[in-house]
Structures are given as structure tokens and as C-alpha cells.
Trainee: 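Have a look at the structure that comes next, please.
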2 protein chains.
Amino acid sequence: MSENRPNGTALRRAILDETRHLLVADGYDNLSMRKIARAVGCSATSIYLHFENKDALIHALIDEGMEQLHEQLVTAAKEPEPSARLNALAHAYVRFGLDNREYYQVMFQLHPERMERYPVEKFRKARRNLEIHAEALADGVEVGVFRTGSPETGAHVLWTALHGLVSLLLAERVDVKLADEAFIDAAVQHALDGFSK
Amino acid sequence: MSENRPNGTALRRAILDETRHLLVADGYDNLSMRKIARAVGCSATSIYLHFENKDALIHALIDEGMEQLHEQLVTAAKEPEPSARLNALAHAYVRFGLDNREYYQVMFQLHPERMERYPVEKFRKARRNLEIHAEALADGVEVGVFRTGSPETGAHVLWTALHGLVSLLLAERVDVKLADEAFIDAAVQHALDGFSK
DNA sequence: CTACGATGCTTATCACTGTTAATCGCTGCC
DNA sequence: GGCAGCGATTAACAGTGATAAGCATCGTAG
């Protein structure tokens with residue numbers, strides 16, 4: 001099975017490249033196997049030789065996105081002071097979402113049905129993006145600048161707030177008169193406030 | 001045009017009824033014009049005599065959902081004390097989302113493209129659901145229990161947090177070990193904390 | 001009472017979608 | 001040389017939203 005060899009063929013890589021390109025350009029809803037095939041220069045069914053189905057193909061891109069997000073979070077987490085670090089993490093998360101709308105949508109807004117068969121090892125990798133927030137919270141509790149239940153719960157709670165902000169902005173549901181940089185800062189601040197001691 | 005007469009024909013009502021039923025039962029992704037037609041007992045194209053397209057049909061259901069949500073928020077808003085009222089509103093919003101997942105998804109998670117032609121008067125109606133939160137905030141500021149920028153901004157910020165909570169729970173992204181009633185309460189509390197003086 | 005136009009609904013059709021089955025062509029091996 | 005296996009293809013299936021054309025029924029004008 002081609003899925004098993006770590007270094008896929010050139011075709012596999014080309015499929016991923018074109019899919020990424022089409023996703024970013026046209027969005028998930030306008031992504032079709034035939035369009036990908038046309039862009040790659042192969043038949044639609046050839047994609048199925050390298051990916052079980054469309055979901056599996058998207059899962060590979062989600063994994064890429066999670067890795068990109070992780071990189072940006074790691075950069076933000078260099079700040080040693082827990083409070084400033086969590087602030088940087090939160091802003092980095094939101095910025096990633098706004099800067100990569102189509103990526104964000106498949107990463108976090110895909111219907112749970114489409115995620116049912118998301119591979120465990122990819123899921124574990126994605127969870128690091130939560131853990132990095134939990135760590136900042138735990139460190140903050142230790143030095144006495146934060147209060148929270150468990151850091152894991154706290155990280156999830158923070159995530160819900162940040163995700164809601166990104167989601168509503170991407171969905172263009174927030175009044176355009178309000179949805180500026182100041183609004184984002186206010187919402188992020190609001191999400192962080194609850195942890196301050 | 002049948003769209004113009006306030007009381008549509010029996011067919012129009014039947015289409016709405018069956019669409020609502022199918023949406024709740026199978027979800028938006030599994031909703032098709034042909035399935036609706038089959039359930040109603042008419043041809044698929046007949047639906048286009050009463051609704052411009054699939055989006056317009058969904059818009060009618062979104063409007064219904066907004067009305068239902070509004071009713072539940074109004075009930076929660078009977079509480080006179082602003083702090084308790086906002087708390088009741090937030091919990092009512094989240095409960096509505098969790099109790100009506102498919103409805104919530106079309107109401108708040110539909111791709112902006114699908115909402116581009118959402119009618120202005122329906123949009124204005126939907127905005128009451130934000131205003132009812134803003135009112136509680138404004139009242140709270142007046143009696144000195146809340147602090148916030150403008151109540152409108154505050155309501156939007158609160159909305160982002162609540163929406164994120166509902167979205168992640170509906171998307172089943174929150175660790176099942178965490179996603180219980182206590183977690184919901186903690187997240188809602190967190191979202192409200194920032195307004196307390 | 002007949003003829004006509006409008007209205008409501010249908011069938012046929014188009015260009016797509018994800019996915020599977022069957023098939024083709026090529027390469028390496030016995 | 002012939003054959004197995006593998007990568008890739010074409011053909012096909014069932015379904016999608018949507019449009020165009022056609023059919024039947026009805027109220028009304030002549």
C-alpha cells in the first residue's frame with residue numbers, strides 16, 4: 001500500500017501540492033477530485049491510489065495545517081513570562097486562523113462525520129497545540145499569576161473563546177463596523193482576563 | 001410571485017415542514033432538493049416555484065431558528081437583575097445550540113457565500129438576539145455591576161466566546177473526558193467573568 | 001360555449017460530484 | 001518469450017443543484 005511508505009511517489013506529492021493550492025484558492029466547498037486531477041495532470045481515480053478517499057486527502061492537509069500552527073505557536077511561546085506567553089499564544093492562534101481561512105475551516109470547522117476516521121497519530125500531534133497553551137497556564141499558576149481549574153480544562157476553555165472569535169470573523173457574522181483590530185484585541189483580552197489572579 | 005404573498009400555498013408550507021424535518025434528522029450535508037421533493041410528494045423543480053434556490057429555502061429555516069432562539073432568550077431575559085439575566089441569557093444560548101445542532105449549524109456555521117443573499121429584514125430580526133445581550137450589559141453597566149466598552153462590542157465579544165463553545169462541542173473537538181456539564185458551566189462563567197466589576 | 005393566456009407542476013436535461021469496476025500498458029522476472 | 005504485477009486509465013453508477021421546455025388545468029374575454 002502506497003500509504004505505508006513514508007516517502008510517497010512524485011504523484012502523491014503533486015496531488016498534495018495541487019490540493020493545497022486549490023483549497024487555499026477556492027475553498028473546501030469548491031474542491032473536487034476532478035479539479036485536483038486536472039490540476040495535477042492525472043485522472044481523478046489516480047488520486048485513490050494514494051489516498052483512500054477525499055477525506056483522507058483532506059486529513060493530510062489538516063495535518064500540515066496543524067504543523068504550521070504548531071510552528072507559529074512555538075515561536076510565540078518563546079516568551080518566558082507565562083502571562084505574556086499566553087497572550088502571545090492567543091494572538092498567534094487568532095492570527096493563524098484569520099491569515100489562513102480555508103485551512104482553518106478544514107482544520108476546525110469540518111463536520112465531525114468527516115473527521116471520524118482522522119488517524120490517531122495525527123490527532124495526537126494536533127493536541128500539542130492545546131498542550132502548549134495548557135503549559136503556559138500551568139506555569140502561570142505555579143508562579144502565581146493565573147488561577148484556573150486544571151490547566152487542561154483552562155486551555156480548552158480558552159480555545160473555545162478563541163475559536164469562536166476566529167469562526168465568527170471568518171464567517172463574516174460580526175458587524176463590519178466592529179470587526180477591526182481593536183475588536184480582536186478586546187475579544188482576546190476578554191478570553192484571557194478570566195485567568196488573571 | 002409566490003414568494004410575495006405572505007401566506008404561501010399549502011405546497012410551500014409542506015416544503016418547509018419536510019425540509020425542517022429532513023434537516024433535523026439528517027443534517028444539512030445530507031439535505032438535497034430531490035430528497036425534500038420525495039418527502040413532500042412533488043417534483044424537485046416544484047420547490048423552485050416557491051423558493052429561488054436551495055439557499056433561499058435554508059434562509060427561511062434559519063429565520064425560523066432565529067425566532068426560536070429569540071423566544072428562548074426572551075424567556076431567559078425575564079430575570080430583572082442584569083448579572084443574573086446575562087448569565088441566564090448565556091446559558092440559554094448555549095443550550096439552544098446544543099439542543100438544536102443541525103439548526104445551529106445552518107444558522108451560524110454556514111459558509112458566508114451561502115449567506116451573501118440573506119435578506120436584510122431577516123438579518124435585522126436575527127440581530128435582536130445580539131441586542132438582547134447588549135441590553136443586559138448596558139443595564140448592568142448602569143447599575144454598576146458590569147464594565148465594558150460599548151454594550152454592542154461587549155455583546156459581540158460574549159457572542160464569540162459562546163459561539164466557540166457551542167461550535168467546538170458540536171464539532172466534537174473537545175476531549176470527551178472534559179466535555180460535560182461542568183465544563184460548559186466553566187466556559188460560560190469564563191465568558192461572563194470579564195464583564196464583572 | 002369556445003378560445004386564449006396565465007399558472008402550477010412535471011419531465012428531460014445539463015454539467016457536475018465522489019467513488020468503484022474493469023481494463024489497458026508497461027516493467028521486471030522466470 | 002510469456003506472464004505476473006503494478007500504476008494509471010476509461011467507463012460507469014448514483015446522486016447533486018439548477019434550467020428549459022412542455023403539459024394540463026383554470027378563469028375569463030369574446
Side-chain angles (χ1 to χ4, degrees), chain A residues 1-19 22-23 25-62 102 106 110-118, chain B residues 1-19 22-23 25-62 102 106 110-118:
Chain A
M1 230 182 290
S2 55
E3 198 69 6
N4 279 344
R5 43 179 152 171
N7 296 337
T9 62
L11 181 55
R12 184 193 154 93
R13 205 172 11 251
I15 290 169
L16 273 176
D17 288 345
E18 290 301 335
T19 306
L22 284 174
L23 173 73
D26 303 345
Y28 176 74
D29 288 352
N30 296 105
L31 191 68
S32 88
M33 299 300 258
R34 284 171 173 85
K35 279 185 194 168
I36 296 167
R38 225 173 300 149
V40 170
C42 69
S43 76
T45 51
S46 286
I47 302 174
Y48 289 87
L49 300 172
H50 298 271
F51 300 91
E52 198 193 334
N53 50 30
K54 194 183 178 184
D55 283 351
L57 177 52
I58 288 296
H59 290 170
L61 285 190
I62 292 176
E102 304 299 348
V106 296
L110 217 53
H111 202 283
E113 255 179 43
R114 314 239 76 79
M115 291 297 283
E116 249 170 28
R117 310 189 55 180
Y118 195 71
Chain B
M1 227 181 289
S2 56
E3 198 70 5
N4 279 345
R5 43 179 151 169
N7 294 336
T9 62
L11 180 55
R12 183 192 155 95
R13 206 172 10 252
I15 290 169
L16 274 175
D17 287 346
E18 290 301 334
T19 306
L22 284 173
L23 172 72
D26 303 345
Y28 176 75
D29 287 352
N30 296 106
L31 191 68
S32 89
M33 299 301 256
R34 284 170 174 84
K35 279 184 193 168
I36 296 167
R38 224 173 301 149
V40 170
C42 69
S43 77
T45 50
S46 286
I47 301 174
Y48 290 87
L49 300 173
H50 297 272
F51 300 91
E52 198 192 335
N53 51 29
K54 193 183 180 185
D55 283 350
L57 176 52
I58 290 295
H59 290 172
L61 285 190
I62 292 176
E102 305 298 349
V106 296
L110 218 52
H111 202 284
E113 255 180 44
R114 314 239 76 79
M115 290 297 282
E116 250 170 28
R117 310 191 54 181
Y118 195 71

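Throughout, a chain's letter reflects where its sequence line sits, starting with A, and its residues are numbered from 1.
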Trainee: Could you write nucleotides 15-27 of chain D as a row of B, S and -, 5' to 3', where a protein heavy atom under 4.0 Å of any base atom gives B, of only sugar-phosphate atoms gives S, and otherwise -?
Mentor: -BBBBB-------

Trainee: Write down the atom of A:I15, the atom of A:V40, and the distance for their closest heavy-atom approach.
Mentor: CA-CG2, 3.7 Å

Trainee: Nearest heavy-atom pair of A:A37 and A:I47: which atoms, and what distance?
Mentor: N-CD1, 4.0 Å

Trainee: Please report the distance, rounded to the nearest Å, between CG in A:L57 and P in C:dT17.
Mentor: 14 Å

Trainee: A:R12 has an atom CZ; how far is it from atom P of D:dG7, in whole Å?
Mentor: 13 Å

Trainee: For B:E102 and B:Y28, work out which heavy atoms get closest and say how close.
Mentor: OE1-N, 3.9 Å

Trainee: Of all the heavy-atom pairs spanning A:F51 and A:A60, show the shortest one and how long it is.
Mentor: CE2-CB, 4.2 Å

Trainee: When you measure from the side-chain N and O atoms of A:S46 to the phosphate of D:dA8, is any distance below 4.0 Å, counting only OP1 and OP2?
Mentor: no

Trainee: Going by heavy atoms in the side chains, are B:I62 and B:R114 under 4.5 Å from each other?
Mentor: no

Trainee: Just so I know, are the side chains of B:L22 and B:K35 near enough to count as touching, which here means a heavy-atom distance under 4.5 Å?
Mentor: yes

Trainee: Rounded to the nearest Å, what distance is computed from the CG atom of residue B:L49 to the C1' atom of nucleotide C:dT7?
Mentor: 9 Å

Trainee: Tell me: CG of A:D29 to P of C:dG18, nearest whole Å?
Mentor: 11 Å

Trainee: Whole-Å distance between C:dT11 P and B:I47 CD1?
Mentor: 14 Å

Trainee: Kindly give the heavy-atom pair with the smallest separation between A:M33 and A:L57, and that separation in Å.
Mentor: SD-CD2, 4.3 Å

Trainee: End-to-end bend of the helix from C:dC1-D:dG30 to C:dC30-D:dG1 (five-pair axes, 10° rounding)?
Mentor: 40°

Trainee: Does B:H50 place a side-chain N or O at less than 4.0 Å from the phosphate oxygens OP1/OP2 of C:dC9?
Mentor: yes

Trainee: Check whether any side-chain heavy atom of B:L61 sits under 4.5 Å from a side-chain heavy atom of B:V106, and report yes or no.
Mentor: no

